[in-house]
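Below is one structure, written out as structure tokens; the observations come after it.
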Number of protein chains: 2
Amino acid sequence: MTSSTAARPPGRPRSGVNDVVFAATLRTVHELGYARATVERIAAAAGIAKTTIYRRWPTKGALIVDCLLDAFGPVPLEGGSRAEIMSSAIRWTAGKIGEPGVGDAFAGVFSDGVSDPELREILSSRLQDPYRLALQDALGEPEHRVLFLIDVVVGTLLHRMGMTGEPMVDDDVDALVEMVLPFFR
Amino acid sequence: MTSSTAARPPGRPRSGVNDVVFAATLRTVHELGYARATVERIAAAAGIAKTTIYRRWPTKGALIVDCLLDAFGPVPLEGGSRAEIMSSAIRWTAGKIGEPGVGDAFAGVFSDGVSDPELREILSSRLQDPYRLALQDALGEPEHRVLFLIDVVVGTLLHRMGMTGEPMVDDDVDALVEMVLPFFR
DNA sequence: AGGTTTCGAAACCAGAGGTAGCGAAACCAG
DNA sequence: CTGGTTTCGCTACCTCTGGTTTCGAAACCT
């Protein structure tokens, strides 16, 4: 065993509070909204110091992206036909965005990215790309078609969330599936 | 002429700089992005004092919404068939959002609304409702269908804008039309 | 025990939205 | 021309947020 698992570095090890921080982030965003969920409040909710957060994530945006990655996890792409795969992926996305705090955090960090190219890059490469690649693979569609699909699905769900403050109801998610599927058959 | 046109109130009249402010707002947002387009910078670009802006608009969000209303103007709903009306409305929306500064301002104020219920109310009632009502009338569709249509079209366009920093290219706008029309036939 | 790293706490900074106070300017009525 | 009313520009100011810095204490390994 020469080096594969990287011997523990010297010094005091980091306390394993990442999960606590993610939970505190979603809870705080859910209760106070994105803008009022300050890093200080998130740290307090997690029971740690603000500086500890900034030691692990360079910016608030990076923290939120990591938190969303943790909340979403890998997209389930089971299902036989292309239609079943797409349908279940859309419903899965809608369900995740509807979980308390997730939609607000997503819309908020997305908004911040509008005027922050570095955050946009993080958002695109760390959050969008993995799902884009998985979808390209599962659906056999070219990149630009999958990007378009993501624009439609995520854009629609976030617009509803941003405009009403509530996630999209199931009937409208059904309509979204019904509208998207024929176009990608 | 008794009272219809409201006799001019006493005191110094407001200088007619609204148009100058709108132009300066779009220009500043286009050059610096939404977050760095501070009210102070917008005022400087318009050649007026920051306090003058806050005398006319209660918040930055309200200023942006008025600016967008001015930039969009009424939606053109000419065209014979329903398909023509919808198609031209979608392309008109995409074109407006693609104008320099408009898309950034739209995405920015939309983002701010995520964590600001008052701004969301302004956005919904002053910006979305007029277009929604005009579309309900022109298309003969019920409210929730038109709201869904707006979610899809505006959401998709803003997601592309927010993710890439660039407005959607014509080919993809064509795809959007092609996807939406059959669902609303 | 010594070296190394992380922790919490506090003070701190820069930039943003938004407000208050002031004298000067612009308009109208008499 | 004078007085009343309102808006103007200017400056100073407040609050909040993201983010940084500093420092002593704690945790781990050798």
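Residue numbering restarts at 1 for every chain, and letters A, B, ... go by the order of the sequence lines. Computed from a prediction, not measured in an experiment: that's the story for all the values here.
The CZ-P distance, from B:Arg55 to C:dG21, rounds to 13 Å in whole Å. For B:Arg14 and C:dA25, the CZ to C1' distance is 16 Å, given to the nearest whole Å. Per the geometry, CD1 belonging to B:Ile42 stands 11 Å off P belonging to C:dA16, to the nearest Å. In this structure, the CZ atom of B:Arg41 is 9 Å from the P atom of C:dG15, given to the nearest Å. Counting to the nearest Å, the P atom of D:dG18 and the CG atom of A:Leu119 are 13 Å from each other. Here C:dT19 presents its P atom at 14 Å from CD of B:Glu40, a figure rounded to the nearest Å. Rounded to a whole Å, the CH2 atom of A:Trp57 is 15 Å from the P atom of D:dT20. Put simply, CZ on A:Arg56 is 16 Å from P on C:dT5, counting in whole angstrom units.
Relative to the side chain of A:Tyr54, the nucleotides D:dG18, D:dC8, C:dG8 differ in distance, and D:dG18 lies closest. Here D:dC8 is the nucleotide among D:dC8, D:dG18, C:dC7 with the atom lying nearest to any side-chain atom of B:Thr52. Listed nucleotides D:dC8, C:dC27, D:dA25 differ in distance to A:Arg12; the shortest reach to its side chain belongs to D:dA25. Nearest to the side chain of A:Ser15, among D:dG19, C:dC7, D:dT7, sits C:dC7. Out of D:dG19, C:dG17, D:dC28, the shortest distance to the side chain of A:Pro13 is found at D:dC28. Of all nucleotides listed (C:dG17, C:dA16, C:dT5), C:dG17 comes nearest to the side chain of B:Val39.
Not one side-chain nitrogen or oxygen of A:Arg36 sits closer than 4.0 Å to the OP1 or OP2 atom of D:dT15. OP1 or OP2 of C:dC28 has at least one side-chain nitrogen or oxygen of B:Arg8 nearer than 4.0 Å.
If you check every strand for non-hydrogen atoms under 4.0 Å, A:Thr51 touches a base.
Here the side chains of A:Val180 and B:Met179 are in contact, with some heavy-atom distance below 4.5 Å. Considering only heavy atoms from C-beta on, B:Asn18 comes within 4.5 Å of B:Arg56 through its side chain. You'll find the side chain of A:Phe106 stays beyond 4.5 Å of the side chain of A:Met161, heavy atoms only.
In this structure, D:dC29 and C:dG2 make a Watson-Crick or G-U wobble pair, each of the two defining distances being under 3.5 angstrom. With both pairing distances under 3.5 Å, C:dA29 is matched to D:dT2 as a Watson-Crick or G-U wobble pair.
Because its NZ or CZ atom is both nearer than 6.0 Å to the ring centre of A:Phe184 and within 45° of the ring axis, A:Arg145 counts as a cation-pi partner of that residue. Because its NZ or CZ atom is not both nearer than 6.0 Å to the ring centre of B:Tyr54 and within 45° of the ring axis, B:Lys60 does not count as a cation-pi partner of that residue.
A donor and an acceptor atom sit less than 3.5 Å apart, one in the side chain of A:Lys50 and one in the base of D:dG19.
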